[in-house]
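Start at 1 with the first residue, then count along the sequence.
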Amino acid sequence: VQLQASGGGLVQAGGSLRLSCAASGSSFRINSMAWYRQAPGKRRELVAAITKGGDTNYAEFAKDRFTISNDGAKNTVSLQMNSLKPEDTAVYYCAADRSDRVVVFDRRLPDYWGQGTEVTVSS
């Protein structure tokens, strides 16, 4: 499975960005996808996750500002980020798992990782 993320960039505080991730290869194995982020000097953390059936899980900081969505038929996942803050600056990583339960992303590392896409929010 290969995951290709795109959509990062530089945005001013209060602005929006939309990240996308497309899965290829043995993507039939995927039943859920997620976004993580890692800020400089900090641990990687879960942002949001979604199953093919549409169950979602958000980190507290992402609730009300970020929306995760997927296209199960195309094995793509998107993250719409609104009202961005400087503390959202990080490298964002797409991930996928064979499990169909979103809680798995809170309990262990996912099966597959994509490369990161950098998001910088200026104040």
Side-chain angles (χ1 to χ4, degrees):
V1 173
Q2 293 80 47
L3 302 174
Q4 181 68 44
S6 61
L10 173 65
V11 65
Q12 288 188 332
S16 299
L17 277 177
R18 186 177 181 87
L19 307 182
S20 296
C21 177
S24 60
S26 300
S27 58
F28 62 90
R29 301 178 185 272
I30 295 172
N31 290 297
S32 55
M33 299 183 77
W35 289 95
Y36 289 75
R37 71 182 188 183
Q38 187 167 17
K42 295 188 177 181
R43 297 178 62 183
R44 192 172 298 189
E45 60 182 350
L46 177 66
V47 178
I50 188 168
T51 66
K52 275 191 174 179
D55 292 336
T56 59
N57 182 28
Y58 289 91
E60 280 300 319
F61 65 81
K63 292 179 180 178
D64 300 324
R65 297 191 299 128
F66 295 0
T67 302
I68 191 169
S69 59
N70 66 354
D71 182 335
K74 297 181 180 179
N75 278 318
T76 62
V77 64
S78 297
L79 184 69
Q80 178 66 41
M81 303 186 294
N82 299 325
S83 303
L84 283 162
K85 305 175 182 179
E87 51 263 44
D88 294 318
T89 295
V91 178
Y92 284 71
Y93 296 89
C94 176
D97 201 88
R98 290 168 290 180
S99 172
D100 62 356
R101 301 179 65 199
V102 286
V103 294
V104 70
F105 294 100
D106 284 323
R107 296 177 179 176
R108 61 167 173 79
L109 294 177
D111 294 327
Y112 310 104
W113 287 102
Q115 92 291 359
T117 184
E118 191 165 357
V119 172
T120 303
V121 184
S122 63
S123 57

> If every non-hydrogen atom of L46 is compared with every non-hydrogen atom of W35, which pair is closest and at what distance?
Replying inline: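 Closest heavy-atom pair between L46 and W35: CD1-O, 3.6 Å.
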> Which atom names give the shortest non-hydrogen contact between G114 and Y93, and what distance separates them?
Replying inline: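 Closest heavy-atom pair between G114 and Y93: O-CD2, 3.7 Å.
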>> Between R37 and V119, does the side chain to side chain contact (heavy atoms under 4.5 Å, CB included) criterion hold? Intermediate values first, please.
In response: CA-CA 9 Å; R37 71 182 188 183; V119 172; over 6 Å; no
> Do the side chains of Q115 and Q4 get nearer than 4.5 Å, heavy atoms only?
Replying inline: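 Contact flag for Q4/Q115 side chains = yes.
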Within one Ile-Leu-Val-Met-Phe-Trp-Tyr cluster: [X] and [Y], side-chain cutoff 4.5 Å:
X    : Y   : result
Y58  : M33 : yes
Y36  : Y92 : no
Y112 : L79 : yes

Show me, pair by pair, the donor-acceptor contacts under 3.5 angstrom made by side chains of residues 6-28, not counting sequence neighbours?
unit_1	atom_1	unit_2	atom_2	d
S16	OG	N82	OD1	2.9
R18	NH1	Q80	OE1	3.2
S27	OG	N75	ND2	3.1

>> Applying side-chain hydrogen bond (donor to acceptor under 3.5 Å, both in side chains), can you list everything that pairs with E60, at least two apart in sequence or on another chain?
In response: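 Only K63 meet the side-chain hydrogen bond (donor to acceptor under 3.5 Å, both in side chains) criterion with E60.
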>> Measuring from atom CD1 of I50 to atom CG of N70, what distance do you get when rounded to the nearest 0.5 angstrom?
In response: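 Taking CD1 in I50 and CG in N70, the distance rounds to 4.0 Å.
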> Would K85 and F61 satisfy side chain to side chain contact (heavy atoms under 4.5 Å, CB included), going step by step from the backbone distance to the final call?
Replying inline: CA-CA 11 Å; K85 305 175 182 179; F61 65 81; over 6 Å; no
Sequence neighbours excluded and cut-off under 3.5 Å, please list the side-chain donor-acceptor pairs for residues 95-108, or say none.
unit_1	atom_1	unit_2	atom_2	d
D97	OD1	R108	NH1	2.7
D97	OD1	R108	NH2	3.4
D97	OD1	D111	N	3.0
D97	OD2	S99	N	2.8
D97	OD2	R108	NH2	2.9
R98	NE	D111	OD2	2.9
R98	NH2	D111	OD1	3.4
S99	OG	R101	N	3.1
D106	OD2	N57	ND2	2.8

